[in-house]
Amino acid sequence: MASTEIARQAGEGARAVPLAGHVGFDSMPDQLVNKSVNHGFCFNILCVGETGLGKSTLMDTLFNTKFEGEPTQHNQPGVQLKSNTYELQESNVRLKLTVVNTVGFGDQINKEDSYKSIVEFIDAQFEAYLQEELKIKRTLHSYHDTRIHACLYFIAPTGHSLKSLDLVTMKKLDSKVNIIPIIAKSDAISKSELTKFKIKITSELVSNGVQIYQFPTDDETVAEINSTMNGHLPFAVVGSTEEVKIGNKMVKARQYPWGTVQVENENHCDFVKLREMLIRVNMEDLREQTHTSHYELYRRCKLEEMGFKDTDPDCKPFSLQETYEAKRNEFMGELQKKEEEMRQMFVQRVKEKEGELKEAEKELHEKFDRLKKLHQDEKKKLEDKRKSLDDELNMFKQKKTAAELLLNQAQQAGGSTTLKRDKERKNFF
Amino acid sequence: MIERPETAVPSIAQRNLEGYVGFANLPNQVYRKSVKRGFEFTLMVVGESGLGKSTLINSLFLTDLYSKDYPGPSQRIKKTVQVEQSKVLIKEGGVQLTLTIVDTPGFGDAVDNSNCWQPVINYIDSKCEDFLNAESRVNRRLMPDNRVHCCLYFIAPSGHGLKPLDIEFMKRLHDKVNVIPLIAKADTLTPEECQLFKKQIMKEIQEHKIKIYEFPDTEDDEDSKLIRRIKEKMPLAVVGSNVVIEVNGRKVRGRQYPWGVAEVENGEHCDFTVLRNMLIRTHMQDLKDVTNNVHYENYRSRKLAAVTCNGVDASKARGTLTKSPLAQMEEERREHVMKMKKMETEMEQVFDMKVKEKKQKLKDSEAELERRHEQMKKNLDAQYKELDEKRRVFEDEKVNWEAQQRILEQQKLDASKTMEKNKKKGKIF
């Protein structure tokens with residue numbers, strides 16, 4: 001047990017010395033108690049059970065007050081958790097009590113997911129605490145602890161056995177919260193049936209490996225009463241906020257034609273036992289178990305999930321700073337890698353696009369060259385044509401000149417002939 | 001003043017109890033558990049040699065912490081400042097206390113005492129670090145609390161004021177540990193001298209803004225009065241003794257002088273009882289709480305802030321201290337993702353723009369090419385046309401000339417024919 005461990009650890013390395021007189025540190029527990037009383041206490045109860053099993057009534061009866069809430073209908077589409085916080089005071093002790101009710105549990109046709117919202121709720125409270133604990137600037141001692149310290153599981157008084165929904169739900173919850181199973185509305189079961197019912201329930205729980213909360217038996221002052229009570233689990237309770245006059249006292253009771261069931265009569269039901277165990281004797285232990293077992297389990301799983309380890313591959317212990325620094329380096333490396341990847345991708349794209357454009361440019365140049373060639377060809381053709389024309393022209397000119405020369409000669413000759421003729425003619429005349 | 005953190009006040013409903021519930025027994029449950037667990041306390045004593053530190057410890061705890069078998073540090077001569085711890089287990093009234101006394105032999109004894117506080121600071125920090133590492137492990141077990149809960153600083157009874165070393169030490173340690181200054185060997189001061197000395201010391205403490213341990217405020221009037229009286233006596237002037245002397249039939253601890261006996265536990269002789277009551281009987285738990293909630297948290301946030309914000313300057317870091325280092329990394333990751341997205345879009349834009357430019361250039365080149373090609377073609381066409389025109393002209397001319405020639409030929413032919421005829425006709429002439 002953890003407490004003896006610490007005593008042993010503390011004793012290690014320390015030698016016992018006798019005291020020569022009264023020093024006064026035996027007031028330490030009182031100092032601690034004073035501090036706690038000044039700070040106030042906090043307790044959170046979760047009530048799981050089908051609609052109509054008397055959860056709210058039982059809470060009212062347990063804490064002798066009227067809590068909020070109206071009876072819920074059966075037509076809820078899913079399981080919801082409603083939580084209410086109250087400030088109670090008894091003599092000089094202030095208690096911040098949170099009562100969480102499961103609304104709509106067991107009402108759906110398909111109840112496969114009923115337990116999920118409950119598990120999520122419990123985990124959410126653990127998560128909130130974990131986040132607070134991990135903050136750099138934190139205020140743990142003034143943190144309003146919302147973790148569920150006790151889960152009262154209401155079993156329907158069928159008298160036969162547990163329902164499969166009950167087994168499934170309790171199995172899912174037993175590693176997350178302290179489960180205290182109770183038989184609700186037990187005034188519907190006779191005493192002989194009750195004994196059989198209790199035995200059946202207990203054996204079913206054991207055979208299914210469901211870990212319910214056991215009242216601690218390591219502290220001598222309460223060991224005896226706790227172990228006796230452990231044998232009476234699950235408690236068969238009756239709740240009532242109505243008062244009936246019995247003898248000359250007003251007691252909480254339920255009145256039937258055939259008699260009156262007194263809530264606080266231990267022969268009638270186990271209500272008083274429940275109150276004793278839950279509130280008067282073991283409230284602090286429930287809180288401690290939640291913190292040191294259930295919360296630690298959640299925390300361990302969460303941290304391992306996030307990649308934290310206690311020792312590095314060489315099995316040397318990590319210091320917190322190293323762990324965080326390692327994580328940070330890993331993280332930074334990841335970010336840098338992402339950046340690099342993106343850059344590379346862009347470089348690649350640029351290269352590709354450049355290639356494309358170069359191709360296009362090359363094509364254009366080729367086209368240009370082709371056109372140029374075409375043009376050259378055309379020019380040449382033109383030149384040839386021109387040349388041939390010029391040749392023809394020259395030839396023609398030559399011909400013309402030759403012909404004109406001839407003509408001139410002929411004309412001259414002919415002219416002289418004509419002249420001669422004309423002269424002759426003239427002479428004739 | 002050391003700030004005490006405020007308790008958060010949530011809005012919750014009040015409920016009155018209409019009967020017995022039983023959680024008023026919670027304090028007893030707490031009491032029971034704490035006794036089972038046992039208590040721990042670490043007390044550090046700092047001061048020059050010969051101020052009676054070991055004697056005071058023995059007087060406080062009514063035991064021979066240092067004896068022949070376990071000689072105290074004062075028996076040994078130190079060259080440098082050491083930090084030594086002794087652990088003892090003491091029991092009283094069913095309450096177990098593991099007491100660790102941390103001694104600092106050599107403090108202030110050298111000629112050059114610069115940095116003689118460093119080993120002390122290192123020790124305190126290393127204990128905090130051990131606790132931080134243990135608290136941050138994935139698999140946590142019950143952690144022993146070895147942090148220094150209180151530091152008694154011994155001031156030499158010069159009667160004048162604080163020495164520079166005193167001021168320096170207290171200034172460096174007041175935000176790491178609860179510092180309680182004491183006037184040592186107070187039996188060398190008369191009551192008047194003591195009053196003046198105390199006033200002077202408190203004045204200097206306030207001048208240098210040294211935060212010594214402050215008593216918490218209580219709502220209780222009785223306690224407030226007590227606390228006010230203690231405050232007026234600060235710093236406490238103490239006398240210690242290992243020897244029990246008989247005075248008037250009583251056995252008392254005291255120091256025997258020729259002129260009388262200075263009784264340790266006599267309130268008129270010194271403030272020893274005030275110290276003992278305050279340190280052990282009433283405020284031991286509060287000293288532990290302030291260490292845990294204030295000094296340790298300061299250490300922790302400083303350590304973790306250094307891990308997450310290395311490289312980030314203080315102004316940016318201020319807003320990040322409310323998160324855990326992991327949440328911090330998450331946020332950095334998100335920021336980085338956004339930055340990358342922005343970078344990506346920017347790069348895309350630049351890329352697209354460049355591509356557009358290039359494409360545009362290409363298009364322009366192409367258009368230019370087309371234009372030039374068109375130009376050249378037109379040129380060529382024009383030349384062709386010109387050529388054709390020239391040819392046509394030439395052809396026309398040729399045709400004309402040939403026609404002319406033909407006519408001439410014909411004429412010539414005709415002329416020669418006529419001449420022939422005429423010749424035939426005879427010579428006319």
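To find a chain, count down the sequence lines: A is the first, B the second, and so on, and within it residues start at 1. Treat the numbers as computed from the prediction; the structure is a model and nothing was measured.
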- prompt: For A:Val37, is it the side chain, the backbone, both or neither that has a heavy atom under 4.5 Å from a heavy atom of chain B?
  reply: side chain
field: For A:Ala360 against B:Leu362, the heavy-atom pair lying closest together
entry: CB-CD2, 3.4 Å
query: Which of the residues B:Ala24, B:Gly94, B:Gly93 is involved in the greatest number of heavy-atom pairs with chain A at under 4.5 angstrom?
result: B:Ala24
Side chain / backbone / both / neither for B:Tyr20 at chain A, heavy atoms under 4.5 Å: both
- prompt: Thinking salt bridges, do A:Glu354 and B:Lys358 make one under a 4.0 Å N-O criterion?
  reply: no
message: I'd like to know whether NZ of B:Lys91 has more than 12 heavy-atom contacts from other residues, nucleotides or ligands below 6.0 angstrom.
response: no
Salt bridge flag under 4.0 Å for residues B:Arg140 and A:Glu133: yes
Within-4.5 Å side-chain heavy-atom neighbours: B:Glu297 and A:Lys137: no
field: Pair B:Glu370 + A:Lys367, salt bridge at N-O below 4.0 Å
entry: yes
message: Looking at every heavy atom in both B:Val30 and A:Val33, which two are closest together, and how far apart are they?
response: CG1-CG2, 4.3 Å
- line: Under 4.5 Å to a heavy atom of chain A? For B:Arg281 that would be both
Interface moiety of B:Asp289 toward chain A, non-hydrogen atoms closer than 4.5 Å: side chain
- prompt: Given a strict heavy-atom distance threshold of 4.5 Å, which part of B:Asp388 is in contact with chain A: side chain, backbone, both, or neither?
  reply: side chain
- prompt: Less than 4.5 Å apart, any side-chain heavy atom of B:Lys359 and any of A:Lys353?
  reply: yes
message: Any carboxylate oxygen within less than 4.0 angstrom of a Lys/Arg side-chain nitrogen, looking at B:Glu348 and A:Arg349?
response: yes
task: Pick one of side chain, backbone, both or neither for A:Phe63, based on which atoms fall under 4.5 Å of a heavy atom in chain B.
output: both
- prompt: With only heavy atoms counted, which part of A:Lys379 is less than 4.5 Å from chain B, the side chain, the backbone, both or neither?
  reply: both
- prompt: Do you know which of B:Val21, B:Asn379, B:Leu97 has the most heavy-atom pairs under 4.5 Å to chain A?
  reply: B:Val21
query: Can you name the nearest heavy-atom pair linking B:Tyr31 to A:Asp30, along with the distance?
result: CE1-OD1, 3.4 Å
statement: Looking only at A:Val93, A:Thr221, A:Leu335, A:Val17, the option with the highest number of non-hydrogen pairs under 4.5 Å against chain B is A:Leu335
- prompt: Is a salt bridge present between A:Lys35 and B:Asp286, judged by a nitrogen-to-oxygen distance below 4.0 Å?
  reply: no
query: Which answer fits A:Glu296, side chain, backbone, both or neither, if we ask what part of it has an atom under 4.5 Å from a heavy atom of chain B?
result: side chain
task: Could you check if a side-chain atom of A:Met28 sits within less than 4.5 angstrom of a side-chain atom of B:Lys288, using non-hydrogen atoms only?
output: yes
field: Under 4.5 Å from a heavy atom of chain B, the part of A:Leu62 involved
entry: backbone
- request: Identify whether the distance between the nearest side-chain nitrogen and carboxylate oxygen of A:Arg138 and B:Glu135 falls below 4.0 Å.
  value: yes
message: For a salt bridge (Lys or Arg N to Asp or Glu O under 4.0 Å) check, start with the C-alpha distance between A:Glu288 and B:Arg37, then their side-chain angles and the critical distance, and finish with the verdict.
response: CA-CA 12 Å; A:Glu288 211 177 278; B:Arg37 250 198 313 266; 3.6 Å; yes
message: Let me confirm one number: the CE-NZ distance from A:Met342 to B:Lys341, rounded to the nearest 0.5 Å.
response: 10.5 Å
message: Contact between A:Pro29 and B:Phe39 at the side-chain level, heavy atoms closer than 4.5 Å - yes or no?
response: yes
- prompt: Taking all non-hydrogen atoms of both residues, which atom of B:Gln29 and which atom of A:Asp285 are closest, and how far apart?
  reply: OE1-N, 4.5 Å
- request: Go through the steps for A:Glu392 and B:Arg391 under the test side chain to side chain contact (heavy atoms under 4.5 Å, CB included), then give the verdict.
  value: CA-CA 9 Å; A:Glu392 272 185 40; B:Arg391 175 170 281 271; 3.6 Å; yes
message: Restricting to non-hydrogen atoms, name the atom on A:Gly21 and the atom on B:Glu92 that form the minimum distance, rounded to 0.1 Å.
response: O-OE2, 3.5 Å
message: Taking the ring centre of each residue, are A:Phe396 and B:Phe394 less than 6.0 Å apart?
response: yes
Choice from B:Met343, B:Glu402, B:Arg276 maximising heavy atom contacts with chain A below 4.5 Å: B:Met343
Proximal component of A:Lys252, with respect to chain B [non-hydrogen, under 4.5 Å]: neither
- request: Check each atom of A:Lys338 against the heavy atoms of chain B and say whether the ones under 4.5 Å are side chain, backbone, both or neither.
  value: both
query: Side chain, backbone, both or neither: which part of A:Lys372 has a heavy atom under 4.5 Å from chain B?
result: neither
- prompt: Between B:His283 and A:Gln31, do the side chains contain an N or O donor and an N or O acceptor separated by less than 3.5 Å?
  reply: no
message: When you compare the side chain of B:Ile90 with that of A:Val23, does any pair of heavy atoms fall below 4.5 Å?
response: no
- line: The salt bridge (Lys or Arg N to Asp or Glu O under 4.0 Å) partners of A:Glu341 (sequence neighbours excluded) come to none
- line: So, the part of A:Arg299 with a heavy atom under 4.5 Å from chain B: the answer is side chain
field: Any donor-acceptor pair under 3.5 Å from A:Glu90 side chain to B:Gly22 backbone
entry: yes
task: Among the options B:Leu279, B:Val35, B:Asn28, B:Ile280, pick out the one with the most heavy-atom pairs lying under 4.5 Å from chain A.
output: B:Ile280
Contact class of B:Glu368 relative to chain A, heavy atoms under 4.5 angstrom: neither
- prompt: Can you say whether B:Leu60 sits under 4.5 Å from chain A via the side chain, the backbone, both, or neither, judging by heavy atoms?
  reply: backbone
- prompt: For A:Phe346, is it the side chain, the backbone, both or neither that has a heavy atom under 4.5 Å from a heavy atom of chain B?
  reply: side chain
task: Report yes if the side chains of A:Tyr86 and B:Gln14 come closer than 4.5 Å at any heavy-atom pair, otherwise no.
output: no
statement: Honestly, the part of B:Lys339 sitting under 4.5 Å from a heavy atom of chain A is side chain
field: Cationic N near anionic O, under 4.0 Å, B:Glu344 to A:Arg343
entry: no
query: What pair of heavy atoms forms the shortest contact from A:Asp390 to B:Lys390, and how long is it?
result: OD1-NZ, 3.9 Å
query: A:Glu220 versus chain B, heavy atoms under 4.5 Å apart: side chain, backbone, both or neither?
result: side chain
statement: If one checks every heavy atom of B:Thr100 against chain A at 4.5 Å, the contacting part turns out to be neither
Euclidean distance, B:Lys377 NZ relative to A:Leu374 CG, rounded to 0.5 Å: 9.5 Å
query: Who passes side chain to side chain donor-acceptor pair (under 3.5 Å) against A:Arg386, sequence neighbours left out?
result: none
query: Nearest 0.5 Å, what's the NE2-CG distance between B:His373 and A:Leu371?
result: 4.5 Å
